[in-house]
Amino acid sequence: MSEIKKQILQLRSELDRHNRLYYVDNNPEIGDREYDEMMHLLEQLEREHPEYDDPYSPTRRVGSDITKGFTQEAHIYPMLSLSNTYSIEEVDAWVKRTDDALAGQTTEIIGEMKFDGTGISLIYEHGRLVRAVTRGDGEKGDVVTDNVMTIRSIPLQLSGSGWPDKFEIRGEIVLPWKAFERLNEERAFNEEPLFANPRNAAAGTLKLQNSAEVARRGLDAYLYYMLGEDLPCDNHYDNMMCARSWGFKVSDAMTPLHSIAEIDAYIQRWDTARRELPVATDGLVFKVNSLRQQLNLGFRAKSPRWAIAYKFQAERALTKLRFVSFDVGRMGIITPVANLEPVLLSGTIVKRASLHNEDIIKTLGIHEHDMLYVEKGGEIIPKITGVDTAARESGAMPVQFVTHCPACGAPLIRVEGEAAWVCPDKYNCPPQIIGRIEHFVGRRMMNIDGIGEETAKMLYDRGLLRNIADLYNLKTSDLSGLEGFGQKSAERVVDGVERSKSIPFDRVLFALSIPYVGETTAKKIARSVRTLDRLMAFSRPELEAIDDVGPRIAESIVEYFANESNRDIIARLRHAGVQFELPEEEESEKSDRLAGKTVVISGVFALHSRDQYKEMIERNGGKNSGSISKKTDFVLAGENMGPAKLEKARSLNIPVINEQEFLDMLS
């Protein structure tokens, strides 16, 4: 064996071991920098020696940006649901029924956490992951192996020994609270819809077509059940302990229980202790331990008789209001925020909760230093749901909304017909300027890596950035040496700025932060006007003639380009080489074949991705819709179209066509 191959195999083995120590055992031996250096060395060696390629290498954990549709595959064993209960008494009754059904046999129950994510089935052969399938409808699911391979807590190759030659292990794919909150902060800033809870976020992430994005989001996994013909043990608990020794992440909450008293104590303990967990949970699961007894107990139509789920009540906490602060967004909207005495809720310490606007403060009747009820379980962000008026301090005054901008002091104005108060000084108010810079560099806009909220503020405070056009004057020497910047990170920002000059016009238009012009609207405007010069010359009526541009958006666009500061920024961006027109070749691809038609896309496609089909519909004059209604003209259906959508289309006599028929329609 060559020395290079030995080095590659050793690096892979070491990185696999450190992955397990960090993501499974929570006991890292080395720091991030040392880990990254090992990973970069392995990446370099694999590039230089493709003859030693291995699809199970740790370097594959980053995923790929190649778009792939999902195929479906039947489960070897059906993935059934569990019967739910919401009271300890019902769990106790289940235990008694189980004992009676087993006619006096000694029954050991295993208690374990019910993680709030999305179910997954993993198939291993010869110690390697060969297939990952979602729960789907219980009988079959989507094959998501490429995406699952990016989850670092799932072993690609098993360690230890004694595993069956082929077996299935099931678990839950979850998005930890910290990753969930980071993801929603990104989506909120990019004006994308927020995920309602970590479960939805995990399920949505697992079905992304881009596995590189899956890797970036930071999914995790807990495994909880093993199936197969040649399992190492005759009981559930010992099988899962074996799985842990092979490298699977098995929850420490998994515990053998021998009496109803122990089960009740287990419920009471975890009803409180679950709040300290790093991931969302919605209950507990109790299973008969013996596989022989599981077989004897059998199944109902949709659930096993040998297991039951206990669901927790929604989490709520009472904590004291310290003070209300007022944040300024990039559009000048003032958002009141309740600053709280720290309280543990759904696995994280909550110190702040948005109060949204003045009307909500008045509706809740919040006074200074009130005791507030906070909820977070399953919600997007912590929210204030009530006030304990009995605990109110004597003489406490109602919370008053500010009358002037807390950042620049400008008198606030209220948007007609809305609840928001706004700072009108858009071009001198620091948080608005910094917010526009942060928006401009975002992934869905100009995609300039290395400048986040804190960096944008630091560069503003140091006078390096006063508006978005200043980005194109940055030099490596301006950045290297600043806090958080070395030579490489400075070069990354400058290189990102240079690459942004090739970003297409529709994304540039979205990046400009024109009020009310979101991503979809920017795309439609760009395709209608073709160039920024034409857009700047358009009148309000001309703008309103563009699809989905109403009077408010039209007025906002006219006001934006009438401002001298904005026109100066546009001139500087143009001089820097930013794209202000769509290429001519795209014009030739446009048609009015779908003019006036509303199309719903559903299912998985083989010839193009869903996003590509949406682009085709818009380029040919059509309109995309997410739901079927009487206004829908036809449904573009791929494999595994949702049965509910299919039934609704049939009930409304709406045509359902496949992708080849759709492409023929356009050709």
Side-chain angles (χ1 to χ4, degrees), residues 189-192 330-332 426-427 432-433 435-448 451 456 465-474 496-592 614-615 618-621:
F189 187 80
N190 292 331
E191 298 180 354
E192 298 172 330
R330 70 182 170 95
M331 295 301 187
K426 299 179 184 298
Y427 305 104
Q432 295 189 60
I433 297 170
R436 289 195 292 271
I437 293 170
E438 190 183 353
H439 175 77
F440 187 82
V441 302
R443 181 173 54 85
R444 300 290 288 271
M445 287 66 73
M446 304 302 281
N447 196 25
I448 300 172
I451 300 181
L465 295 182
R466 278 292 181 264
N467 58 54
I468 57 177
D470 289 338
L471 286 159
Y472 294 87
N473 295 334
L474 286 177
V497 170
E498 184 63 29
R499 285 194 302 272
S500 75
K501 296 175 184 179
S502 63
I503 294 293
F505 173 42
D506 57 334
R507 285 173 58 182
V508 175
L509 189 59
F510 177 39
L512 293 178
S513 287
I514 302 173
Y516 309 117
V517 177
E519 185 174 14
T520 301
T521 303
K523 189 177 293 185
K524 290 184 176 181
I525 292 172
R527 286 178 180 158
S528 295
V529 302
R530 309 299 301 169
T531 73
L532 188 72
D533 288 336
R534 286 192 66 204
L535 178 61
M536 293 172 70
F538 265 36
S539 65
R540 283 183 178 84
E542 288 173 316
L543 287 167
E544 288 179 37
I546 299 172
D547 189 27
D548 286 351
V549 174
R552 185 172 69 170
I553 296 175
E555 183 178 357
S556 175
I557 293 170
V558 170
E559 288 181 357
Y560 180 90
F561 290 117
N563 181 273
E564 194 61 36
S565 296
N566 288 334
R567 295 180 77 91
D568 178 63
I569 289 171
I570 294 297
R572 291 178 60 199
L573 292 175
R574 189 193 304 275
H575 180 73
V578 173
Q579 298 294 314
F580 281 149
E581 59 183 56
L582 290 180
E584 289 300 322
E585 57 265 25
E586 188 172 311
E587 182 68 26
S588 65
E589 296 175 4
K590 291 182 65 176
S591 81
D592 59 358
K614 287 181 179 180
E615 292 272 351
E618 291 175 359
R619 278 204 307 269
N620 288 276

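Basis for what follows: all heavy atoms, side chains included, without hydrogens, waters or symmetry-related copies. Throughout, numbering of the chain's residues begins at 1 and tracks the sequence.
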Is there a side-chain contact between [X] and [Y] (heavy atoms, below 4.5 Å)?
X: Val529; Y: Leu582; value: no
X: Leu471; Y: Ile451; value: yes
X: Ile569; Y: Ile468; value: yes

Closer than 3.5 angstrom, by distance alone: can the side chain of [X] be matched with the main-chain N or O of [Y] as a donor-acceptor pair?
X: Asn566; Y: Tyr560; value: yes
X: Arg574; Y: Gln579; value: no
X: Arg499; Y: Ile448; value: no
X: Ser500; Y: Met446; value: no
X: Arg507; Y: Met445; value: yes

Could you give the distance from [atom1] ([X]) to [atom2] ([Y]), rounded to the nearest 0.5 Å?
X: Glu519; Y: Asp506; atom1: CD; atom2: CG; result: 8.5 Å
X: Arg436; Y: Lys426; atom1: CZ; atom2: NZ; result: 7.5 Å
X: Ile557; Y: Glu559; atom1: CD1; atom2: CD; result: 11.0 Å
X: Arg619; Y: Lys523; atom1: CZ; atom2: NZ; result: 10.5 Å
X: Ile433; Y: Arg466; atom1: CD1; atom2: CZ; result: 7.0 Å
X: Arg572; Y: Asp470; atom1: CZ; atom2: CG; result: 4.5 Å

Show the nearest heavy-atom pair for residues [X] and [Y], with the distance to one decimal.
X: Glu544; Y: Pro551; answer: OE2-CA, 3.7 Å
X: Val549; Y: Ala554; answer: CG1-N, 4.0 Å
X: His439; Y: Ser513; answer: CD2-OG, 3.2 Å
X: Leu509; Y: Ala526; answer: CD2-N, 4.2 Å

**Request:** Show the numbers, then the answer: is there a side chain to side chain contact (heavy atoms under 4.5 Å, CB included) between Val517 and Leu512?
**Result:** CA-CA 9 Å; Val517 177; Leu512 293 178; over 6 Å; no
**Asked** Quick one: do the Tyr516 and Thr521 side chains pair a donor with an acceptor below 3.5 Å?
**Response**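 No, Thr521 and Tyr516 have no side-chain donor paired with an acceptor closer than 3.5 Å.
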